[in-house]
Amino acid sequence: MGKIRDTGAHNQSPEPYEQGRILTDLTMNLSDTHLAQEALERCLALGRLSEEAGRLTRTFLSPPMREVHRLLTAWMQELGMTVRVDAVGNLIGRYPGQTPNAPALLMGSHVDTVRDAGRFDGLLGVTLALAVVKGLEGRRLPFAIEVIAFSEEEGVRFGVPFLGSKAIVGRFGPELLKLQDAEGQTVEAAIRAFGLEPAQIPQAACNPAQVRGFLEFHIEQGPVLEALGYPLGLVEGIVGQSRLEVAFRGQAGHAGTAPMHLRKDALAGAAEWITLVEREAREEPGLVATVGMITALPGAANVIPGEVQMSLDVRHLEDDIRSLAVANLITRAQQVAQRRGLELGYRTLYEQPAVPCDPGLNALLAEAMGAQGYPVHPMVSGAGHDAMVMTTLCPATMLFLRSPGGLSHHPEESVWPQDVEAALRVGLDFLHRLAAHVG
């Protein structure tokens, strides 16, 4: 692939992509532009498939996921891919290599969403991977390509993320089948309701000997690339995460008859602790800690809350610092509970160590970025991605696309078409470099 003419467009601030309005750069290859536009339009089509009217919410194996599978299957089959769905609902399309049993390079991302989501988080990683395959124009490589639409990454429905990629790497334990959603339905029941068989989950695991690596395209979900004026970022590592459930338990009572000094208000205790979470996180460089969900029970205006349930999300690139921070925050919670006469309960829902991306794949990706005329900016991902789970199976890498306004997990999430085309060009260049590398 030839090097594009550097017009400086990647250092400017173009308008975000909007439905019905696609911006193009006349210096760009029209075929590549068409593929990039198609990837964006497909994100819009998938973004209309939701559990909720008027906003995008699509959780693990919810009813609209069936239509997602139908559309993706059609698009994959147009490219000559064979399509299968595994026992946790991952949709996988295989583009054959030069030999029938060639190991596969895996690409893809997730197709579930947060509540009231944007249209590009996860989805763009799938449609862009398909655009890269289409850009091969039928050429076969020394390896096959498998595009994976992971069924679950966000952890919205059952509180535990990466159910899809955990199955792919063989880490889907039987305890996950017992998790319940807000309606009391278990993961096992949800899988059966979707027409799949939980007993077949072990067969979803890939054989490491048959996998060359994993590449995930993803929007940055932050402001760094935009501040630098760069369209793309090379991810060197992904922070570790701890996700916990924390509960303060006191005594419910009448809001009018219980004197303030005799109350055991669980919500007041929770509020004090939440401010401590924020303060402690600000004092440690690189640490982020979030209480993202809170439920006060019994939840009546004239009743003192007797119990409060919360989530706690803690992230840092260094696992020792993260673990120490979690322990400290729990100690703080215990101190608050003791001082207020409350009980404290907590349990760890999820632990993911920090992971580096593969140096070999990153080197090839950096070469492709440079050859296509784009700055190579190494960066760390503060968000979790399927790539971090996939590192337990095979070498993995990620390519970030800048997020206008740093906005994500929001209905106004957007992406610039020029950046999608940049990622497409780099992705195709990367494939050819990998093909030459593996022979």
Side-chain angles (χ1 to χ4, degrees), residues 60-61 69 72-73 76 79-112 122 125-126 128-130 132-133 140-153 160-174 176-177 187 191 194 196-218 238 352-353 355-358 360-362 364-365 384-399 427 430-431 434-435 437-438:
F60 176 61
L61 298 187
H69 280 191
L72 286 174
T73 296
M76 290 174 172
L79 299 175
M81 305 176 83
T82 56
V83 184
R84 67 185 190 275
V85 179
D86 68 21
V88 296
N90 294 315
L91 183 81
I92 305 165
R94 183 179 177 90
Y95 181 82
Q98 292 171 351
T99 58
N101 297 318
L105 172 70
L106 310 181
M107 296 193 293
S109 194
H110 61 98
V111 291
D112 68 318
V126 179
L128 187 48
L130 292 178
V132 169
V133 173
R140 304 298 181 188
L141 302 173
F143 47 85
I145 297 174
E146 291 196 351
V147 176
I148 306 176
F150 293 103
S151 59
E152 205 284 336
E153 185 256 20
V160 175
F162 305 117
L163 297 180
S165 51
K166 282 182 176 179
I168 293 289
V169 304
R171 291 174 51 197
F172 193 102
L176 295 176
L177 293 174
V187 170
I191 289 173
F194 202 77
L196 303 172
E197 176 49 59
Q200 296 177 359
I201 291 177
Q203 283 70 56
C206 288
N207 179 358
Q210 290 298 309
V211 179
R212 286 288 184 193
F214 177 72
L215 169 62
E216 182 171 7
F217 300 101
H218 207 286
I238 304 172
Q352 172 64 48
V355 296
C357 289
D358 181 71
L361 293 182
N362 273 25
L364 293 177
L365 200 53
H385 300 285
D386 288 301
M388 68 194 303
V389 179
M390 296 298 286
T391 59
T392 64
L393 171 72
C394 63
T397 188
M398 291 190 72
L399 186 68
F430 170 82
L431 289 186
L434 182 61
H437 180 74
V438 302

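Residue numbers start at 1 and run along the sequence shown. Because only heavy atoms are used, hydrogens play no part in the values below, and waters and symmetry mates are left out as well, while side chains stay in.
- Put simply, the side chain of V88 does not reach to within 4.5 Å of the side chain of V187, judged on heavy atoms.
- Within a 6.0 Å sphere centred on CG of N207, heavy atoms belonging to other residues, nucleotides or ligands number more than 12.
- Residue pairs meeting the side chain to side chain donor-acceptor pair (under 3.5 Å) criterion with at least one partner in residues 160-173, sequence neighbours excluded, are S165-D386.
- Atom-to-atom distance recorded for I238:CD1 and M398:CE is 5.5 Å, nearest 0.5 angstrom.
- Contact between V126 and I148 at its shortest, heavy atoms only, is CG2-O, 4.1 Å.
- Between V389 and E153, the closest side-chain pair of non-hydrogen atoms is not below 4.5 Å.
- L361 is not listed as a side-chain neighbour of F214, based on a closest heavy-atom distance of 4.5 Å or more.
- When all heavy atoms of V111 and A149 are compared, the closest pair comes out as CG1-CB, 3.8 Å.
- Under the 3.5 Å distance criterion, the side-chain polar atoms of E216 are left unmatched by any main-chain donor or acceptor of S109.
- Looking only at distances, a side-chain donor or acceptor of H69 sits under 3.5 Å from a matching main-chain atom of G89.
- Minimum interatomic distance between F194 and L61 (heavy atoms only, all atoms of both residues): CD1-O, 3.7 Å.
- Proximity of a side-chain donor or acceptor of E152 to a complementary backbone N or O of L163 within less than 3.5 Å is detected.
- Judged as a ring pair (Phe, Tyr, Trp, His ring centres under 6.0 Å), and not counting sequence neighbours, the contacts of F162 are Y350.
- Taking 4.5 Å as the limit, every side-chain heavy atom of V211 sits out of range of all side-chain heavy atoms of M390.
- Side-chain atoms of F430 and L399, non-hydrogen and from C-beta on, never get closer than 4.5 Å to each other.
- Taking 4.5 Å as the limit, some side-chain heavy atom of L106 sits within range of a side-chain heavy atom of L393.
- For the pair A144 and R94, the tightest heavy-atom approach, listed with the atom from each and the gap, is CB-NH2, 3.4 Å.
- Under the side chain to side chain contact (heavy atoms under 4.5 Å, CB included) rule, V132 has a single partner from L215, I145, L431, which is L431.
- With hydrogens and angles disregarded, a donor-acceptor distance shorter than 3.5 Å links the side chain of N90 to the backbone of S151.
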One pair to check against side chain to side chain donor-acceptor pair (under 3.5 Å): T397 and N362. What are the steps and the verdict? CA-CA 6 Å; T397 188; N362 273 25; 2.3 Å; yes

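- Using a 4.5 Å heavy-atom threshold, the side chains of L105 and L141 count as separate.
- Panel note: side chain H110, backbone D112; a donor-acceptor pair is recorded below 3.5 Å.
- Taking every heavy atom of both residues into account, A396 and A387 meet most closely at CB-O, 3.9 Å.
- Rounding to the nearest 0.5 Å places OG1 of T391 at 10.0 Å from CG of D358.
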